[in-house]
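In what follows, a single structure is set out as structure tokens and then discussed.
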Amino acid sequence: MSIERYPHALPLPLSEAVRAGGFLFLSGVVALDAEGKVADGDIRAQTRIVLATIDQTLQAQGLTREDVVKTTVWLANISEAAAFNDEYAKAFGNAPPARSAVEARLHGGARVEVEVLAWAG
């Protein structure tokens, strides 16, 4: 099995994505601005930025949201789950991927982080 790593555009010690076998693994995505700082905004705004970043990464690998089979979601405040779910549902529609969601303390004041596993085979 070959493994391909795609470095992060920002100087971070992680790969933006790794292709292994038939899968593409995306590192957790938070709402970062061009300077690598967490973008201002509420949970809805940050979720939209995160989903747009995920779209860009998937598209760079020739994939779309329809190829996503599993997400893991971390919310800084679980009471914001309903607002997050509204934005997430808009993105994934009636056939969302499998998902886990937990509350966690996130880097730099981020409200949300999403990790993605996509079928690329």
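When a residue number appears, it is its place in the shown sequence, counting from 1. From a predicted model like this one, the values you see are computed outputs, not experimental measurements.
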Rounded to the nearest 0.5 Å, what separates atom [atom1] in [X] from atom [atom2] in [Y]?
X	Y	atom1	atom2	result
Leu24	Arg19	CG	CZ	5.5 Å
Glu16	Gln56	CD	CD	8.5 Å
Lys90	Arg48	NZ	CZ	6.5 Å
Ile78	Glu103	CD1	CD	5.5 Å

Treating Ile, Leu, Val, Met, Phe, Trp and Tyr as nodes and any side-chain heavy-atom pair under 4.5 angstrom as an edge, say whether [X] and [Y] lie in one connected cluster.
X	Y	result
Leu26	Leu51	yes
Ile43	Ile49	no
Val116	Val29	yes

Among residues at least two apart in sequence or on other chains, which ones pass side chain to side chain contact (heavy atoms under 4.5 Å, CB included) with [X]?
X	result
Ala76	Leu106, Arg111
Val73	Thr71, Leu75, Phe84, Arg99, Ala101, Val112, Val114
Glu66	Thr64

Item to complete: Determine yes or no for a side-chain-to-main-chain donor-acceptor pair under 3.5 angstrom, with Gln46 supplying the side chain and Ala39 the backbone.
Response: yes
Item to complete: Sort and list the pairs that fulfil salt bridge (Lys or Arg N to Asp or Glu O under 4.0 Å) and have at least one residue in residues 50-60, not counting sequence neighbours.
Response: Asp55-Arg65
Worksheet item: Is there any salt bridge (Lys or Arg N to Asp or Glu O under 4.0 Å) pair reaching into residues 38-47, and which pairs are they, with sequence neighbours excluded?
Response: Arg44-Asp86, Arg44-Glu87
Worksheet item: For the residue pair Ala120 and Leu63, what are the closest heavy atoms and their distance?
Response: CB-CD1, 3.8 Å
Fill in: Pairs involving residues 47-69, ordered by first then second residue, that meet ring pair (Phe, Tyr, Trp, His ring centres under 6.0 Å) (sequence neighbours left out)
none
Discussion item. According to ring pair (Phe, Tyr, Trp, His ring centres under 6.0 Å), does anything in residues 58-81 pair up with another residue at least two apart or in another chain? List the pairs.
Written reply: none
Worksheet item: What residues join Leu117 in its hydrophobic cluster, counting side-chain heavy atom gaps under 4.5 Å, either direct or through other members?
Response: Phe23, Phe25, Val69, Trp119
